[in-house]
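Beneath this line is the structure, given in structure tokens, with notes to follow.
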Amino acid sequence: MPKENKIRILYVQPGKYPEERIIDNTLKAYQSLVYGDIESVAPWRTNVRVVCNQEGKLNGMPPNRLLGDYDILMGSFFICGLRNGNFISLTDEQFKRYEKLYHDPIIFTDTPLGIYPMKATPEQYNHMGVHR
């Protein structure tokens, strides 16, 4: 099957609700969305990938969303499908699942026991002065 020229993704920016985007299926397009070199992460046992900035933590990008129970995604990222090693469009079912999972912006607060994530609206996120 030939590579798709454009793909449907779920784009997630810090402090905002996720949005559907149709992007060129090129490295340059991926890099422009995550503001740098990309890293593809496979946190689920599905043919879906989280594509984020490879050096988001090192570059001090703002915390965005939780990645499972073990990590925080920094900066903007997107979710796409994967087939035969190529990024592909999300199906309607995948899109709904991950939009629901990442729908709410997250405010990360420091506590004596570590970082605590709290769901927020974009307005609450911006009011807290979290954006960088």
Side-chain angles (χ1 to χ4, degrees):
M1 186 172 267
K3 179 180 169 184
E4 295 178 51
N5 291 328
K6 293 194 178 281
I7 58 172
R8 174 188 185 207
I9 64 162
L10 180 71
Y11 186 50
V12 186
Q13 300 173 78
K16 297 183 178 180
Y17 292 123
E19 61 187 80
E20 177 180 8
R21 292 232 181 141
I22 306 296
I23 64 166
D24 290 334
N25 196 3
T26 64
L27 178 60
K28 184 177 181 180
Y30 314 149
Q31 290 173 328
S32 71
L33 290 174
V34 302
Y35 303 101
D37 292 335
I38 66 164
E39 178 178 3
S40 171
V41 182
W44 309 289
R45 293 182 184 194
T46 62
N47 288 331
V48 174
R49 293 296 181 267
V50 173
V51 180
C52 58
N53 186 302
Q54 182 178 14
E55 297 182 339
K57 290 179 183 165
L58 296 174
N59 292 339
M61 292 184 150
N64 189 342
R65 303 293 202 280
L66 292 169
L67 182 63
D69 295 332
Y70 61 91
D71 207 353
I72 298 174
L73 290 160
M74 308 297 275
S76 298
F77 66 91
F78 67 90
I79 299 174
C80 64
L82 185 76
R83 181 176 51 231
N84 299 327
N86 294 312
F87 292 158
I88 61 170
S89 293
L90 291 171
T91 65
D92 289 344
E93 181 185 319
Q94 290 169 330
F95 187 88
K96 282 185 211 173
R97 178 183 307 141
Y98 298 107
E99 196 287 331
K100 183 178 179 182
L101 178 65
Y102 288 118
H103 181 74
D104 294 309
I106 302 290
I107 296 172
F108 295 89
T109 57
D110 290 321
T111 72
L113 300 175
I115 296 174
Y116 182 76
M118 296 185 303
K119 290 181 180 181
T121 66
E123 295 76 22
Q124 291 167 329
Y125 183 93
N126 289 328
H127 178 72
M128 295 291 294
V130 179
H131 58 284
R132 290 182 223 182

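Bear in mind that the values here come from a model prediction, so they are computed numbers and not experimental data.
Under the 4.5 Å side-chain criterion, counting only non-hydrogen atoms from C-beta, Arg65 is not in contact with Ile72. Side-chain contact check for Leu33 versus Arg21: some heavy-atom pair is nearer than 4.5 Å. Considering only heavy atoms from C-beta on, Thr109 comes within 4.5 Å of Met118 through its side chain. Inter-residue side-chain proximity for Phe87 and Ile9 is flagged as unmet; no heavy-atom pair is nearer than 4.5 Å. Residues Glu19 and Gln13 are in side-chain contact: their nearest non-hydrogen atoms beyond the backbone lie under 4.5 Å apart.
Closest of all the heavy-atom pairs between Pro63 and Pro14 is O-CB, 4.0 Å. The two residues Phe108 and Asn64 have their closest heavy-atom pair at CE1-O, 3.5 Å. Closest non-hydrogen pair, Ile115 versus Pro117, comes out as O-CD, 3.9 Å. Residue Lys16 comes nearest to Pro122 through the heavy atom pair CA-CG, 4.3 Å, listed as atom of the first residue, atom of the second, then distance. Shown here for Thr121 and Pro105, the closest heavy-atom pair between the two residues is C-CG, 4.1 Å. When all heavy atoms of Pro18 and Leu10 are compared, the closest pair comes out as CB-CD1, 3.5 Å.
Here the rule is side chain to side chain contact (heavy atoms under 4.5 Å, CB included) with Leu73, and of Leu66, Ile106, Val12, Val50 only Val50 fits it.
Within the cation-pi definition used here (under 6.0 Å to the ring centroid, within 45° of the axis), Arg8 qualifies as a partner of Phe95.
Residues Tyr35 and Leu27 share a hydrophobic cluster, clusters being chains of Ile/Leu/Val/Met/Phe/Trp/Tyr side chains in contact below 4.5 Å. The hydrophobic clustering, which links ILVMFWY residues whose side-chain heavy atoms are closer than 4.5 Å, places Tyr125 and Tyr116 together.
Atoms OG1 and CG, from Thr26 and Asn5 in turn, are 10.0 Å apart once rounded to the nearest 0.5 Å. A distance of 5.0 Å separates OG1 in Thr111 from CG in Leu113, rounded to the nearest 0.5 Å. Here CG of Leu82 is found 7.0 Å from CD1 of Ile88. Values are rounded to the nearest 0.5 Å. For the atom pair CD1 (Ile107) and CD (Gln124), the distance works out to 6.0 Å, reported to the nearest 0.5 Å. The structure places NZ of Lys57 at 8.5 Å from SG of Cys52, a figure rounded to the nearest 0.5 Å. In this structure, CG in Asn53 is found 7.0 Å from CG in Asp37, a value given to the nearest 0.5 Å.
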Pair Gln94-Thr46, side-chain contact (heavy atoms from CB on, under 4.5 Å): steps then yes or no = CA-CA 10 Å; Gln94 290 169 330; Thr46 62; 5.5 Å; no
Report the C-alpha separation of Glu39 and Val51 in whole Å, then their side-chain angles, then the decisive distance to 0.1 Å, and conclude whether the side-chain contact (heavy atoms from CB on, under 4.5 Å) test is met.
-> CA-CA 6 Å; Glu39 178 178 3; Val51 180; over 6 Å; no
Yes or no on side-chain contact (heavy atoms from CB on, under 4.5 Å) for Ile79 and Tyr11, after CA distance, side-chain angles and deciding distance?
-> CA-CA 7 Å; Ile79 299 174; Tyr11 186 50; over 6 Å; no
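Ring pair Phe77/Tyr102 is perpendicular by interplanar angle, where above 60° counts as perpendicular and below 30° as parallel.
For the residue pair Tyr30 and Asn25, a side-chain donor N or O sits within less than 3.5 Å of a side-chain acceptor on the partner.
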